[in-house]
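Here's the structure we're looking at; comments come further down.
Numbering of ligands and ligand atoms starts at 1, following listing order.
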Amino acid sequence: MAEGGLVIGLVEMGPRVPELEEIRRRLARHLEKYLGPVEVRHFREDLPEYAYSEIRGQYLARALLDRLSKVDGDCHRVVGLTREDLYAPGLNFVFGQARVNGREAVVSVARLLDEDRERYLSRVVKEVTHELGHTFGLGHCDDPSCVMSFSNTVLDVDRKSPDFCDRCALALREGLNRCLRR
Ligand SMILES: [Zn+2]
Ligand SMILES: [Zn+2]
């Protein structure tokens, strides 16, 4: 239990996400290194039909963020996790999307799935950590090993670490302080 700490809602959207409970545990453990006491709560939510593009066979990431803004549950941050593939206008796909300095983020595991369970889990932790970084005001980082570096492909995801570089870790702490003061 995160006494006075950060509460993150992890919202399973649509079909069951493999290994969700393990993801929840790993995320809490990983984020505590940077954010202090963290509680990650599990929620479930339907995928909004209007967010689906028949032509693309994908969901519009921004529309999922809108749906997540209706999730209450007293959370500082709300992260959607879905098996469905996501897109943003002008892009073939996105691994995730977040509201910069906002409350909501969403990550798709569709392109992160792997036969190697460990690899899959570590990819998901990296992408959720990345999108959460955006919600604390962080932009993309030039350091290719930093979790805030931009990933074009899943190879980029595998290449980067789950950790924030020193500069991003500092900026994250400032963002966290702003968030907890509110
Ligand atoms: Zn990003
Ligand atoms: Zn960085």
Residue and atom names of protein N/O/S atoms that fall under 2.8 Å from the Zn ion (ligand 1): His130 NE2, His134 NE2, His140 NE2
hydrophobic_cluster_shared for Leu10 and Val107, side chain cutoff 4.5 Å: yes
Exam field: side chain Tyr120 to backbone Pro18, donor-acceptor pair closer than 3.5 Å: yes
Partners passing side chain to side chain contact (heavy atoms under 4.5 Å, CB included) against Pro144 (at least two apart in sequence or in another chain): none
Less than 3.5 Å apart, which donor and acceptor atoms pair up between the side chains of residues 91-99 and the rest of the protein, not counting sequence neighbours?
from: Arg99; atom 1: NH1; to: Glu104; atom 2: OE1; distance (Å): 2.6
from: Arg99; atom 1: NH2; to: Asp66; atom 2: OD1; distance (Å): 2.5

Side chain to side chain contact (heavy atoms under 4.5 Å, CB included) partners of Arg119, counting only residues at least two apart: Asp114, Asp116, Arg123, Asp158
Ion pair check, Arg24 and Glu22, cut-off under 4.0 Å: no
Opening angle between SG in Cys165 and SG in Cys168, taken at the Zn ion (ligand 2), to 10 degrees: 100°
